[in-house]
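Here's the structure, in structure tokens; my notes come after.
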There are 2 protein chains.
Amino acid sequence: MNIDQLKLENQICFKIYTAEREITKLYRDLLHELNVTYPQYLVLLLLWEKNSLSVKELGQRLFLDSGTLTPMLKRMETNGLVERKRSLEDERSVIISLTEKGSALKEKAACIPSQLIENISIKKDELTLLNQTLTSMLEQLQNQSGK
Amino acid sequence: MNIDQLKLENQICFKIYTAEREITKLYRDLLHELNVTYPQYLVLLLLWEKNSLSVKELGQRLFLDSGTLTPMLKRMETNGLVERKRSLEDERSVIISLTEKGSALKEKAACIPSQLIENISIKKDELTLLNQTLTSMLEQLQNQSGK
DNA sequence: GTTATTTACATTGTGTGCAATTTAATTTTG
DNA sequence: CAAAATTAAATTGCACACAATGTAAATAAC
């Protein structure tokens, strides 16, 4: 094993850990006006595509479990962004749907992806490459933890 | 703005967010035997290099503030890994140093970096490139938030 | 058809992560 | 040197993230 790999600064995992927090910080500023957190914004992104989704579906898309989602969705309900209703077909399932207010936020949020890219200011080539590398890394990781 | 950028799956930030959690999960397994969390392991990495550091120095290296570090270091103290002492030169400063137990963990942890790389199973070229890209991205982000 | 198993959420408890504020020590300023 | 400003930690409060467990509904097994 290379001795340099023991140095914190050279560890890819520490970089990803740090990058995640820097990005969340950036989103915090951008989302401040909308009064939502980054994980809540992710939920909204999915609901803006498809007006209602079950907790299970949200969890599958975001890789989050009910221990995280249930309290988060309750906070979003309290803030008037979503509704939570038991499914009629399957009483175990809870359907999350956008309220008018939650739906209306979509317009306010339209500028966020471009603002974000601007702030990251990464070259398009690099972005594509980074995306590819992370995608294959994620596949590895998620297959492994699935075992 | 490209419409595809609105899709969750294409968002680089979501990938980084997800990768961070997958990596932390992987570390959770690897660190289970040592009975430390990933952030605690990061503190130990720094202390294994230099036996004692102030909370401020730890914060600068890890980009964490006292609100995170103070309770975390107290937990590590409770678990017998570190000691916390006020600096004699500057009473505002708290010096964190390794105990025998904390020091001894280094050997047990020696195999972790290689195990991790194995689990991520990324090509060496890709790893180098990923590291470079994240490094420059982090510089951008950290310069910006410093403003 | 009843029992066993599985499934979908909810709950509990622990550990970050960070904004905002407080406290005490040190530096800087006038 | 005394008052003001700065600095280093600690504290408070909130929001994830997740393991472990509980609960009720649906499905599978027999």
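Order of the sequence lines sets the chain letters (A, B, ...), proteins ahead of strands, with each chain counted from 1. As the structure is a prediction and not an experimental result, all values here were calculated from the model.
Chain A approaches DNA chain D within less than 4.0 angstrom (heavy atoms of the protein), and the contacting nucleotides run 5' to 3' from D/dA15 to D/dA26.
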Show each protein N/O and nucleotides 2-5 of chain C N/O combination with a separation under 3.5 Å, one pair to a line.
none

Listed pairs, N/O of protein and of nucleotides 19-25 of chain C, under 3.5 Å:
none

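Other residues sharing the hydrophobic cluster of B/Leu129, ordered by chain and number and joined by side-chain separations under 4.5 Å: A/Leu129.
Residue-level contact check: A/Glu89 touches the backbone only, with heavy atoms under 4.0 Å from sugar-phosphate atoms and none from bases. Within 4.0 Å of B/Ser54, counting heavy atoms only, lie sugar-phosphate atoms of the nucleic acid but no base atom. Counting any heavy atom pair closer than 4.0 Å across all strands shown, B/Glu57 reaches no nucleic acid atom. Among the protein residues, A/Leu69 comes within range of no part of the nucleic acid, since none of its heavy atoms lies under 4.0 Å from any strand.
A close approach under 4.0 Å does not occur between any side-chain nitrogen or oxygen of B/Arg75 and OP1 or OP2 of C/dT14. For the pair B/Thr37 and C/dT16, the criterion of a side-chain N or O lying under 4.0 Å from OP1 or OP2 is met.
Atom CG in B/Leu62 sits roughly 15 Å away from atom C1' in C/dC18 (whole-Å rounding). Distance CG (B/Asn79) to P (C/dT14): 13 Å, rounded to an integer number of Å. Rounding to whole angstrom units, CE of residue B/Met76 and C1' of C/dT14 are separated by 16 Å. Rounded to whole angstrom, the span from the NZ atom of A/Lys56 across to the C1' atom of C/dA10 amounts to 17 Å. One interatomic measurement links the two molecules: CG of B/Leu73 to C1' of C/dT16, which rounds to 12 Å at whole-angstrom precision. One atom, CD of A/Glu22, and another, C1' of C/dC18, lie 12 Å apart when rounded to the nearest Å. Remark: P of C/dC9 and CD of A/Glu77 are 14 Å apart, rounded to the nearest angstrom. Note: OH (B/Tyr27) to P (C/dG15) measures 20 Å, nearest angstrom.
Pairs passing the salt bridge (charged side-chain N to carboxylate O under 4.0 Å, His left out) check and including a residue from residues 69-88 of chain A, sequence neighbours excluded, read A/Glu77-A/Arg84, A/Glu83-A/Lys85.
Each of A/Leu64 and A/Leu88 was matched to the nucleotide of DNA chain D holding its nearest heavy atom; the match closer to the 5' end belongs to A/Leu64. Comparing A/Thr70 and B/Tyr38 by the nucleotide of DNA chain C whose heavy atom lies nearest to each, the residue mapping closer to the 5' end is A/Thr70.
Inter-residue side-chain proximity for B/Arg61 and B/Glu49 is flagged as met; some heavy-atom pair is nearer than 4.5 Å. A heavy-atom distance below 4.5 Å is not found between the side chains of A/Tyr17 and A/Gln11. Looking at A/Leu42 and A/Leu46, their side chains never come closer than 4.5 Å, going by heavy atoms from C-beta outward. Taking 4.5 Å as the limit, every side-chain heavy atom of B/Thr24 sits out of range of all side-chain heavy atoms of B/Arg21.
In this structure B/Ser54 satisfies the side chain to side chain contact (heavy atoms under 4.5 Å, CB included) test together with B/Lys56, B/Glu57, B/Ser93, B/Ile95, sequence neighbours excluded.
Checking side-chain atoms of B/Asn131 against main-chain N and O of B/Leu127 turns up no donor-acceptor pair under 3.5 Å.
Surrounding CD of A/Glu33 are at most 12 heavy atoms belonging to other residues, nucleotides or ligands under 6.0 Å away.
With respect to the salt-bridge test (charged N to carboxylate O, under 4.0 angstrom), the residues A/Asp125 and A/Lys123 do not qualify.
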task: Walk me through it: do B/Leu81 and B/Leu105 pass the test side-chain contact (heavy atoms from CB on, under 4.5 Å)?
output: CA-CA 9 Å; B/Leu81 300 176; B/Leu105 273 192; 3.7 Å; yes
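Note: A/Tyr41 and A/Tyr27 have tilted aromatic rings, judged against thresholds of 30 and 60 degrees for the angle between ring planes.
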